[in-house]
Participant: 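What follows is a structure written as structure tokens; I'll ask about it next.
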Amino acid sequence: MELLDGKKVSTQIKDEIAVEVAKMKKRGEKVPHLAAVLVGSDGASLTYVGSKVRSCERVGFESTLVQLPSTTSEIELLNKIEELNQNDDIDGFIVQLPLPPQINEQKVLLAVDPDKDVDGFHPTNFGKMALDMSTFIPATPFGILELLERYKVETQGKHTVVIGRSHIVGRPMSILMGRKGWPGNSTVTLTHSRTKNITQIISQADIVISALGVPNFLKAEMVKDGAVVIDVGITRVPDETKPKGYYITGDVDFENVSKKASYITPVPGGVGPMTIAMLLKNTLLARERHRAAKA
């Protein structure tokens, strides 16, 4: 069994990006600038956004955190997004989800300029991804592809089972694993809460990508020997015996599944760090595109 070490690989990617940014500075070019919009003070969101800001500093990007109160109206947020769309200094920005109930998430995602949508959530970018065109790939699926590539995991002709059909992970992942090229060229089954015989389907998989958000859902008896297991789930489970009052776990019963898997991602330290690294990669790509457009 080999560990797909997202922490290690994300560090390598950040080092590579830092080298590119240093070259930009040497040439007297503008460095990439990533902005993050945070509405309210959700604990997990604050942690994620803080981590993104620190990562920007580490690679030499400029970063801006736009923090708005939880009482922000939809129109106020849309006006702020339009401001960021028009600001030539900002190459890419993200709106941290979830948003407060008074704001329509879909309206907000549609308002982001596709050329600055480094999360890859806009329908324009999603459509381009589905058609194999050059675009921003959503950061988590992009991170999974990068892990598979760097560990040289064979995907061609393999049966990939994706668990979960979210627009952020499950659905894009199912499209990307079935695309021509590598990582890809696999036969994909997309499963979800309404799938019948889900255990039987998973047991036939060469590659399992679980993005369900149910702690320890995937048990050892559900996977075949030698399967590649990617755990996208991350859940805080309350536990009074732990210093923080909780522990973090994924969708996979790691201890037992790891005994059968050929490759497996840990939680934490697997897919999570890759997501932030690929967000930075998308921002670098956005900067290069904006420079090329002005040339």
Side-chain angles (χ1 to χ4, degrees), residues 4 6 9 13 92 94-95 97 105-106 109-110 112 114-196 198 201-202 204-214 217-218 227-234 250-252 263 265 270-272 274-279 281-283 285-286 289:
L4 296 171
V9 175
I13 293 165
I94 59 156
V95 180
L97 303 177
E105 251 173 44
Q106 214 162 18
L109 296 179
L110 280 169
V112 176
D115 287 335
K116 293 189 176 190
D117 166 42
V118 287
D119 257 337
F121 293 164
H122 194 283
T124 298
N125 289 327
F126 196 98
K128 282 181 173 178
M129 178 201 70
L131 293 169
D132 267 347
M133 295 164 74
S134 173
T135 189
F136 297 120
I137 296 173
T140 301
F142 196 7
I144 293 168
L145 293 180
E146 194 76 14
L147 268 181
L148 293 172
E149 196 173 319
R150 293 201 183 213
Y151 278 91
K152 299 182 169 55
V153 176
E154 185 55 74
T155 60
Q156 185 164 307
K158 302 293 184 186
H159 182 196
T160 297
V161 171
V162 179
I163 310 169
R165 54 181 163 182
S166 75
H167 297 166
I168 295 170
V169 183
R171 201 167 298 181
M173 209 63 242
S174 67
I175 293 167
L176 292 162
M177 289 303 285
R179 68 182 180 166
K180 280 184 181 172
W182 177 73
N185 274 329
S186 70
T187 303
V188 183
T189 305
L190 180 62
T191 64
H192 44 77
S193 58
R194 301 295 166 92
T195 303
K196 289 179 179 172
I198 193 165
I201 293 165
I202 294 166
Q204 296 162 9
D206 302 304
I207 301 167
V208 183
I209 300 169
S210 186
L212 201 60
V214 177
F217 167 80
L218 196 72
V228 176
V229 180
I230 309 283
D231 190 352
V232 187
I234 184 155
D251 288 356
V252 178
Y263 294 90
T265 59
V271 174
M274 292 299 296
T275 299
I276 292 177
M278 302 324 274
L279 182 68
K281 202 159 184 175
N282 274 344
T283 307
L285 181 65
R289 281 196 194 158

Participant: I want to check something: taking the side chain as every heavy atom from C-beta on, are Val188 and Val162 in contact at a cut-off of under 4.5 Å?
Facilitator: yes
Participant: Does Thr189 have any side chain to side chain donor-acceptor pair (under 3.5 Å) partners at least two apart in sequence or in another chain, and if so, which?
Facilitator: His159
Participant: For Trp182 and Lys152, indicate whether the former's side chain and the latter's backbone hold a donor-acceptor pair under 3.5 Å.
Facilitator: no
Participant: Taking all heavy atoms of Ala286 and all of Asp115, pick out the closest pair and write down the distance.
Facilitator: CB-O, 4.2 Å
Participant: Look at the side chain of Asp251 and the backbone N and O of Ile234, then say whether any donor-acceptor pair between them is shorter than 3.5 Å.
Facilitator: no
Participant: Shortest non-hydrogen contact from Val271 to Asp231?
Facilitator: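 Result for this residue pair: CG2-O, 3.6 Å.
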Participant: Return the CZ to CE distance between Arg179 and Met129, rounded to the nearest 0.5 Å.
Facilitator: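 Separation between the atoms: 9.5 Å.
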Participant: Going by side-chain contact (heavy atoms from CB on, under 4.5 Å), Val153 matches just one of Leu147, Ile230, Val228. Which one?
Facilitator: Val228
Participant: Indicate the atoms forming the closest heavy-atom contact of Tyr263 with Tyr151, along with that distance.
Facilitator: OH-O, 3.8 Å
Participant: Mind listing the side-chain donor-acceptor pairs of residues 167-176 below 3.5 Å, one per line with the distance, residues two or more places apart or on another chain?
Facilitator:
{"residue": "Ser174", "atom": "OG", "partner": "Arg171", "partner atom": "O", "Å": "2.6"}

Participant: Evaluate the criterion side chain to side chain contact (heavy atoms under 4.5 Å, CB included) for residue pair Lys116 and Arg289; output intermediate values, then yes/no.
Facilitator: CA-CA 10 Å; Lys116 293 189 176 190; Arg289 281 196 194 158; over 6 Å; no
Participant: Where do Met278 and Thr140 land on the side chain to side chain contact (heavy atoms under 4.5 Å, CB included) test, with the steps shown first?
Facilitator: CA-CA 8 Å; Met278 302 324 274; Thr140 301; over 6 Å; no
Participant: If you measure from the Lys or Arg side-chain nitrogens to the Asp or Glu carboxylate oxygens, is any gap between Glu146 and Arg150 under 4.0 Å?
Facilitator: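 Looking at Glu146 and Arg150, the cut-off is met.
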Participant: Applying side chain to side chain contact (heavy atoms under 4.5 Å, CB included) to Phe121 and Leu97, what does each step give before you reach the verdict?
Facilitator: CA-CA 11 Å; Phe121 293 164; Leu97 303 177; 4.3 Å; yes
Participant: Does either side chain, that of Ser186 or that of Thr155, offer a donor lying less than 3.5 Å from an acceptor on the other one?
Facilitator: no
Participant: How far apart are the closest heavy atoms of Val229 and Val252, and which atoms are they?
Facilitator: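 Closest heavy-atom pair between Val229 and Val252: CG1-CG2, 3.8 Å.
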Participant: To the nearest 0.5 Å, what is the distance between CG on Leu145 and CE on Met274?
Facilitator: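 So the gap between those two atoms works out to 9.5 Å.
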Participant: Looking at Gln156, is its backbone amide N or carbonyl O close enough to the side chain of Asn185 to form a donor-acceptor pair, meaning the two atoms are under 3.5 Å apart?
Facilitator: no
Participant: Could you walk me through whether Ile202 and Phe217 pass the side chain to side chain contact (heavy atoms under 4.5 Å, CB included) test, one step at a time?
Facilitator: CA-CA 12 Å; Ile202 294 166; Phe217 167 80; 4.2 Å; yes
Participant: Determine the minimum heavy-atom distance between Phe136 and Asn282, stating which atoms define it.
Facilitator: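 For Phe136 and Asn282, the tightest heavy-atom pair comes out as CE2-O, 3.3 Å.
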Participant: Once you round to the nearest 0.5 Å, how far does CG of Asp206 lie from CD of Glu154?
Facilitator: 10.5 Å
Participant: At what distance, to the nearest 0.5 angstrom, does CD1 of Ile163 lie from CD1 of Ile201?
Facilitator: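 Rounded to the nearest 0.5 Å, the CD1-CD1 separation comes out at 10.0 Å.
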Participant: For a quick test of reading the model, state the closest non-hydrogen atom pair linking Thr191 to Thr195 and the distance between them.
Facilitator: CA-OG1, 3.3 Å
Participant: Holding to side chain to side chain donor-acceptor pair (under 3.5 Å), I want the full list of residues that pass it with Thr135, two or more places apart in sequence or in another chain.
Facilitator: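 Checked Thr135 against side chain to side chain donor-acceptor pair (under 3.5 Å); matches are Asn125.
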Participant: What's the spacing between Leu109 CG and Asp119 CG if we round to 0.5 Å?
Facilitator: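 If I round to the nearest 0.5 Å, the distance is 8.5 Å.
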Participant: Tell me if a side-chain donor or acceptor on His122 pairs with a main-chain N or O of Asp117 at a distance below 3.5 Å.
Facilitator: no
Participant: From Ile207 CD1 over to Thr160 OG1, what is the distance, rounded to the nearest 0.5 angstrom?
Facilitator: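 Result: 3.5 Å between the selected atoms.
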